[in-house]
Every structure is written in structure tokens, then in C-alpha cells.
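The structure under discussion appears below in the form of C-alpha cells.
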There are 2 protein chains.
Amino acid sequence: MAQKAPQRPSSAKPSREDDSKLSLVSWNVDGLDIENLIERAWGLCSYLDIYTPDVVFLQELIPPYVQYLKKNAVSYLIIEGGKEGYFTGMMLKRSRVELLEKNIVPYPTTTMLRNLLVAQATFKDHKLCLMTSHMESCKGHAEERMKQLRVVMQRMTDAPDDVTVLFGGDTNLRDTEVAEVGLPSTVSDVWESLGKREHVRYTWDTKSNTNKEISHVCQFRFDRLYLRPASKEGVPGLSRITWP
Amino acid sequence: MAQKAPQRPSSAKPSREDDSKLSLVSWNVDGLDIENLIERAWGLCSYLDIYTPDVVFLQELIPPYVQYLKKNAVSYLIIEGGKEGYFTGMMLKRSRVELLEKNIVPYPTTTMLRNLLVAQATFKDHKLCLMTSHMESCKGHAEERMKQLRVVMQRMTDAPDDVTVLFGGDTNLRDTEVAEVGLPSTVSDVWESLGKREHVRYTWDTKSNTNKEISHVCQFRFDRLYLRPASKEGVPGLSRITWP
DNA sequence: CCAGCTAGG
DNA sequence: CCCTAGCTG
């Protein structure tokens with residue numbers, strides 16, 4: 001990929017042979033690093049062309065990046081979590097996902113202008129609630145980050161039970177923080193549900209990803225995907241998660 | 001006092017009218033700050049002249065400070081927990097306390113050359129075990145500090161039951177750390193036993209103590225005194241602690 | 001010896 | 001966006 005780090009598509013992408021299944025990618029596009037930014041946006045679009053995910057969660061978008069996407073990925077509807085600085089966004093494959101409503105949930109005490117971007121949508125007559133966020137960064141902001149996780153989990157559990165809820169993004173979460181907050185019983189961590197495969201554990205990994213000049217080795221699972229299935233008749237593959 | 005901060009005599013000093021009781025002071029003399037050091041050592045000696053404590057626990061001694069004390073506080077026997085850099089020490093009033101044996105207990109994993117200075121002594125035919133330490137400094141070293149507290153507590157509980165055990169010093173402990181380690185049932189925190197009086201809670205207090213140029217307010221109870229009474233016929237006033 | 005910040009690896 | 005060291009209030 002031409003994309004610069006953090007390059008971490010955390011994907012719950014089923015086989016393309018089975019069009020009944022929803023596919024999803026989350027990607028921090030590192031828009032704060034303007035080096036080769038358009039080239040990297042092109043890289044993202046190439047990826048979308050090849051894999052055609054139904055839903056894309058994006059973080060660290062900046063206005064020119066969004067502009068580029070809107071011009072070059074016309075098969076997707078793009079919604080944004082902000083207008084200035086950097087913000088999150090979502091891309092919904094027009095032919096597969098229909099947007100009903102979008103809204104932005106504030107994090108009351110963020111110092112980094114972070115929020116929760118929520119989209120109500122349908123996918124093959126199934127109700128979806130799609131949510132992404134770029135949660136408070138850095139180790140020292142664990143308290144704020146846990147507050148944000150609580151906001152997210154409240155939203156996930158509050159959703160009507162005929163809705164499949166998917167939250168994903170750059171959470172900056174550490175395992176200890178998730179443990180302290182505690183996941184609701186109805187919510188599962190998709191990477192865990194899929195067998196905790198070691199080779200896709202770390203989503204920020206300066207060991208395997210050398211495209212950013214970071215000399216030290218860092219390995220963290222910052223990008224996470226959580227699922228609260230609909231109680232019945234949910235999206236195929238998203239009640240009991242299976243890996244192709 | 002001419003002493004510079006940290007100026008925190010945490011005292012279990014009974015009325016001098018009752019000579020049957022043991023009196024004790026613990027003091028971090030801040031020997032790492034060499035400004036006015038001899039003047040401050042003189043201040044300590046003045047304090048000793050006035051209050052004549054039977055036992056003095058000292059932390060952050062440096063060699064010239066000890067030299068000064070040995071020359072100017074001849075009524076005390078002085079023992080040291082080290083020879084180089086900074087270290088702890090003990091002063092025992094020759095007329096009241098008899099040293100039987102001293103030894104230095106290492107902290108296996110300290111990175112700051114800290115240790116536990118132990119003195120076996122007698123006071124009016126009662127057996128005493130006196131211990132002092134300057135435990136690992138700074139918030140970030142909580143784990144090491146808790147290890148050191150465990151070493152101390154092990155020593156306190158292991159002592160024969162005809163011995164009155166007193167540990168005191170600059171522990172750098174936070175309440176949460178003590179709670180995590182847990183105190184043995186036979187050991188009590190002397191400040192707590194004496195009623196948790198608020199005006200003597202903080203032993204490092206840049207609010208009430210302005211002799212060190214620290215602009216920000218800090219209040220911590222770093223200096224603590226623990227007692228494990230002898231099971232019977234212990235030192236008067238040190239089985240059930242009373243405040244004059 | 002605190003907390004917050006910054007710069008460098 | 002890691003961690004540590006160094007500086008500052």
C-alpha cells in the first residue's frame with residue numbers, strides 16, 4: 001500500500017463470494033501527516049476498488065482528504081464527524097447500505113475535540129447502527145478514554161434489539177482500560193470472537209509496519225471492533241461471527 | 001527551625017514528664033540540598049536539645065552531615081545505613097536506649113540504593129526493634145515501594161513477641177499503596193491510632209511549609225510510623241498508644 | 001518530590 | 001503515538 005502509517009485496516013471482511021454478509025474496514029488515515037497525503041488517499045481508493053467493503057470507518061480525516069474521496073470514490077456515500085482540523089468519517093457503499101440518519105454524539109470532557117459518529121442504516125432490510133470514533137489519544141488520557149468507552153457501550157446497549165450495532169475505530173484502548181470499564185454481556189470484541197489470532201493482534205505495529213519513521217518498536221491493539229448483535233434476524237454472519 | 005524542607009518530624013513524642021515512655025522522631029534532613037546544610041544540621045541539634053527524643057530516625061543523610069551530628073550531638077549514639085551518597089541513620093539517646101545490634105536489610109530490586117536499617121536495642125529492660133528507611137521515591141515507583149513495604153512488614157511480624165517493633169521513616173507511600181499491600185493485623189499506623197488528626201496528616205506539605213521554593217501545593221503523608229507491640233510487658237505507652 | 005509539558009530516541 | 005529524561009511552575 002502507498003498509505004502511510006498508522007495503516008491499520010481492522011477488517012471483519014467476509015469472503016466476497018457471499019454477498020449476504022456485511023464487510024467492514026476501519027482505517028486511521030493519518031491525515032495529520034501531510035506527506036504524500038493524496039498519494040496515500042489514492043492508495044485507500046485502490047484498496048476500496050479491490051475489496052469493495054460495504055462500510056468504511058475512517059479516522060484522522062482532514063478536509064482535502066475528504067474532498068479527494070468524494071471525487072474519487074463515488075460509489076460510496078461519505079459522512080463526516082467534523083469539518084475542521086481532523087475528524088472521523090464513514091463511507092457507505094451506495095449499492096449495499098442505505099443511510100437513514102446520521103448524528104454526532106459529543107464526548108462531554110474531551111480535550112481533543114473527539115466525538116462519536118453514528119449512522120443509522122439498512123443493509124438488505126436489516127437495521128444497522130454503525131458507529132466510529134477516534135478516542136482520546138495517549139497513555140496519560142486513560143481516564144477520559146474510559147469515559148468515552150462508557151458512552152459508546154451505553155449507546156450499544158441502548159439500541160433497540162432489532163438493530164445490529166457495530167462500533168469500530170481507533171480507540172487507543174489498552175486491555176487494562178477495557179477490563180476496568182467492562183464490556184456489557186451483549187457486546188463482543190470481534191477480534192476476540194474470531195479467535196484472537198496473533199498475527200492480526202496489533203493494529204499499530206512499528207515492527208511490521210515500517211512506512212513511518214519510528215525507530216522504537218511499539219505494538220498496540222488500538223483499533224477495535226465491537227458488535228452487539230440484533231436479538232434475532234440480524235445481519236447474516238453477525239449473530240454468530242464466523243471467519244471465512 | 002532553620003531546617004530546610006522536607007521538614008517533617010513525625011513524632012510519637014510523649015510528655016517529657018513521663019520518662020517511662022519512649023519518644024521518637026523521624027526526619028528527612030534533605031541532605032541532597034546542600035544549601036545552608038550545616039546551619040540546618042545545627043537546627044536539628046537545637047531541636048534535639050529541647051525535646052531530647054530517645055530515638056531519632058533520619059533520612060537523606062550525607063557524610064558531612066553525619067560528621068557534624070557526631071561532633072555536636074554527643075549524647076546520642078549514631079548508626080548509619082550507608083557510607084556513600086545519601087543514606088538513612090538512627091540516633092539513640094545513650095542514657096536511655098542501649099544498642100545491642102545493628103544490621104542493614106537490602107531491598108533486592110531497589111534502583112535508588114535504598115535499604116532498611118534495623119537496630120535491636122533495649123529501653124528500660126524492654127526489647128526494642130527499631131527500623132527506618134527511605135523508601136523508593138516518586139509516584140512511578142509504586143511497585144518497588146510496595147515490595148519494600150512487604151519486606152518491612154515481614155520483619156515486623158517475624159520479630160519475637162517479646163519485642164516492641166517500631167518502623168518509621170520517609171516511606172513515600174500513598175494510601176492506595178498501603179491498602180494494596182495490606183497491613184498485618186498486629187501492626188498499626190501510629191498516626192491513625194492517635195486519631196487521624198488532620199493538622200498533622202501531611203508530612204510533606206508545601207502549603208504549610210514554605211522554606212523550600214516550591215510554588216505548587218503538595219500535601220502527602222510520606223513519613224509514617226508503624227508499631228507492632230510486644231505481646232506483653234512492652235514499652236509503656238506502646239501497647240495501647242495514647243497521646244499526651 | 002508533585003504534575004504537566006517537551007524533546008529525543 | 002511509544003517511552004524516558006529533563007525542565008518548569
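These values consider heavy atoms only, across backbone and side chains, with no hydrogens, waters or symmetry-generated copies. Here is how names work: the chains are called A, B, and so on, in the same order as the sequence lines, proteins then strands, and each is numbered from 1.
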Provide, to the nearest angstrom, the distance between the [atom1] atom belonging to [X] and the [atom2] atom belonging to [N].
X      : N     : atom1 : atom2 : value
B:Q219 : C:dC1 : CD    : C1'   : 14 Å
B:R145 : C:dC2 : CZ    : C1'   : 12 Å
B:D30  : C:dC2 : CG    : C1'   : 15 Å
B:H141 : C:dC2 : NE2   : P     : 10 Å
A:N209 : D:dC1 : CG    : C1'   : 13 Å
A:N28  : D:dC2 : CG    : P     : 12 Å
B:K212 : C:dC1 : NZ    : P     : 10 Å
A:L173 : D:dC2 : CG    : P     : 12 Å

Less than 4.0 angstrom from a charged side-chain N to a carboxylate O is my criterion; do [X] and [Y] meet it?
X      : Y      : value
A:R224 : A:D170 : no
B:R221 : B:D189 : yes
B:E180 : B:R174 : no

Considering only nitrogen or oxygen atoms on both sides, find all protein atoms under 3.5 Å from nucleotides 6-9 of chain D and state each distance.
| unit_1 | atom_1 | unit_2 | atom_2 | d |
| --- | --- | --- | --- | --- |
| D:dG9 | N1 | B:H216 | ND1 | 3.3 |
| D:dG9 | N2 | B:H216 | ND1 | 3.1 |
| D:dG9 | N3 | B:H216 | ND1 | 3.4 |

Could you state the interatomic distance from OG (B:S188) to OH (B:Y226), rounded to the nearest 0.5 Å?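 So the gap between those two atoms works out to 10.0 Å.
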Ignoring backbone atoms, establish whether A:R174 has a side-chain N or O less than 4.0 Å from OP1 or OP2 of D:dC2.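 Checking D:dC2 against A:R174, a side-chain N or O does come within under 4.0 Å of OP1 or OP2.
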Would you tell me if any nitrogen or oxygen in the side chain of A:K139 comes within less than 4.0 Å of OP1 or OP2 on D:dC2?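 So the side-chain polar atoms of A:K139 never come under 4.0 Å of the phosphate oxygens OP1 or OP2 of D:dC2.
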Is it the case that over 12 heavy atoms from other parts of the model lie below 6.0 angstrom from the CG atom of B:L32?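 Enclosed: over 12 neighbouring heavy atoms sit under 6.0 Å from CG of B:L32.
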When you compare the side chains of B:T206 and B:Q219, does any donor N or O come within less than 3.5 Å of an acceptor on the partner?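 Note: B:T206 and B:Q219 side chains miss the donor-acceptor criterion.
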The side chain of [X] lies closest to which of these nucleotides: [options]?
X      : options             : answer
B:H134 : C:dC2, C:dC1, D:dC1 : C:dC1
B:F220 : C:dC2, C:dC1, D:dC2 : C:dC2
A:S137 : C:dC2, D:dC2, D:dC1 : D:dC1
B:D170 : D:dC2, D:dC1, C:dC1 : C:dC1

Please name all residues satisfying salt bridge (charged side-chain N to carboxylate O under 4.0 Å, His left out) with A:R201, sequence neighbours left out, ordered by chain then number.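 So A:R201 forms a salt bridge (charged side-chain N to carboxylate O under 4.0 Å, His left out) with A:E198.
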